[in-house]
There are 2 protein chains.
Amino acid sequence: MTLSGVLYALSDPLRLSIVKSLATQGEQPCGAFGLSVAKSTASHHFRVLRETGVIRMKPEGTQHINSLRREDLDSRFPGLLDAILQASEPV
Amino acid sequence: MTLSGVLYALSDPLRLSIVKSLATQGEQPCGAFGLSVAKSTASHHFRVLRETGVIRMKPEGTQHINSLRREDLDSRFPGLLDAILQASEPV
DNA sequence: CTCATAGTTCGATTATAATCGAACAATAGG
DNA sequence: CCTATTGTTCGATTATAATCGAACTATGAG
């Protein structure tokens, strides 16, 4: 889990929107985000988030539940996630 | 100045190193960072940092002095820069 | 067993980004 | 005026990343 990796993962608007949704709505399956891209594209973005350590995924029935790795992020990069979530909130 | 833009700019290790240097050493001309890439490549990275609003540049004699736009960043994205600089410090 | 649902993987395409060298521009110094 | 220094711009190349459709996998429902 690297800083550059996390920043890169979050620099994509679609991935950032996923993370924001997880932060405010809590864990959700991939289908719940209403992403307007092909399934394979969505899967790619979830993979990036997973591989950079931003989210975790657990299979549950036929779906995969995503959740934010908040504790890990907060301990490794204190304040970073909060700053990002807060910065993107003013919408 | 967008969040995604700033995150993108800082997700590149070379650009992050420039920003770290500016944060700790204060303003410096392009040549002072000891970047091991071609001049044109360095110029490209400075441009990205400039265009995303992370740094400003002022010509001074034959050189261009770079400085961090800390106030702007802090007011637009409170805590973000600090979190990033702190996270990358543990070196 | 069959079928629908939820995602993944694969391969291909397209779009972005990083990188370089060469030529250029601006300035300061002699 | 000539030259060195500092950085920019341009064009080309290469590397990464985003995107899609099609085929696949796993699970649960009937």
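What you see below is based on every heavy atom in this structure, not just the backbone, and it leaves out hydrogens, waters and symmetry mates.
For the pair A:Leu35 CG and C:dT8 P, the computed distance is 12 Å after rounding to whole Å. Taking atom CG of residue A:Leu10 and atom C1' of nucleotide D:dA17, one finds them 16 Å apart after rounding to whole Å. B:Met57 has its CE atom 14 Å from the P atom of D:dT6, to the nearest Å. In this entry the distance linking CZ of A:Arg56 with C1' of C:dG7 reads 19 Å, nearest Å. Going from atom CZ of A:Phe46 over to atom P of D:dA18 covers 14 Å, rounded to whole Å. Distance CZ (B:Phe33) to C1' (D:dG7): 13 Å, rounded to an integer number of Å. Distance B:Gln63 CD to C:dG29 P: 11 Å, rounded to the nearest Å. The nearest whole Å value for the distance from the CD1 atom in A:Ile18 to the C1' atom in D:dA18 is 13 Å.
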Checklist line | Trace of the side-chain contact (heavy atoms from CB on, under 4.5 Å) decision for B:Ile55 with B:Ser67 | finding: CA-CA 5 Å; B:Ile55 68 173; B:Ser67 57; over 6 Å; no
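A salt bridge is absent between A:Arg69 and A:Glu51; no separation between the charged side-chain nitrogens and carboxylate oxygens falls under 4.0 Å.
Checking A:Lys39 against A:Gly61, the closest nucleotide of DNA chain D that is more toward the 5' end is the one next to A:Lys39. Remark on DNA chain D: of its neighbouring residues A:Glu60 and A:Leu14, the 5'-side contact belongs to A:Leu14, judged by nearest-heavy-atom nucleotide.
A donor-acceptor contact shorter than 3.5 Å is absent between the side chain of B:Ser21 and the backbone of B:Ser17.
Checked by distance alone, A:Thr62 brings no side-chain donor or acceptor within 3.5 Å of a matching partner on the base of D:dG28. In this model, no side-chain donor or acceptor of A:Ser43 finds a partner on the base of C:dG7 within 3.5 Å.
The side chain of A:His44 places an N or O atom within less than 4.0 Å of a non-bridging phosphate oxygen (OP1 or OP2) of D:dA18. OP1 or OP2 of D:dT19 lies within a sub-4.0 Å distance of a side-chain N or O belonging to A:His45. Put simply, A:Thr41 has a side-chain N or O that comes within less than 4.0 Å of OP1 or OP2 on D:dC20. Taking 4.0 angstrom as the limit, B:Arg47 places none of its side-chain polar atoms (N or O) nearer than this to OP1 or OP2 of C:dT19. Between A:Tyr8 and C:dA17 there is no side-chain N or O to OP1 or OP2 distance below 4.0 Å.
Between D:dG7, C:dA6, C:dC20, one nucleotide has an atom nearer to the side chain of B:His64 than all others, and that is D:dG7.
Checked options B:Gln63, B:His64, B:Glu27; the residue passing with B:Lys58 is B:Glu27 (criterion: side-chain contact (heavy atoms from CB on, under 4.5 Å)).
The CG atom of A:Leu14 sits 10.0 Å away from the CZ atom of A:Phe33 when rounded to the nearest 0.5 Å.
Here A:Pro29 lies in heavy-atom contact (under 4.0 Å) with sugar-phosphate atoms only.
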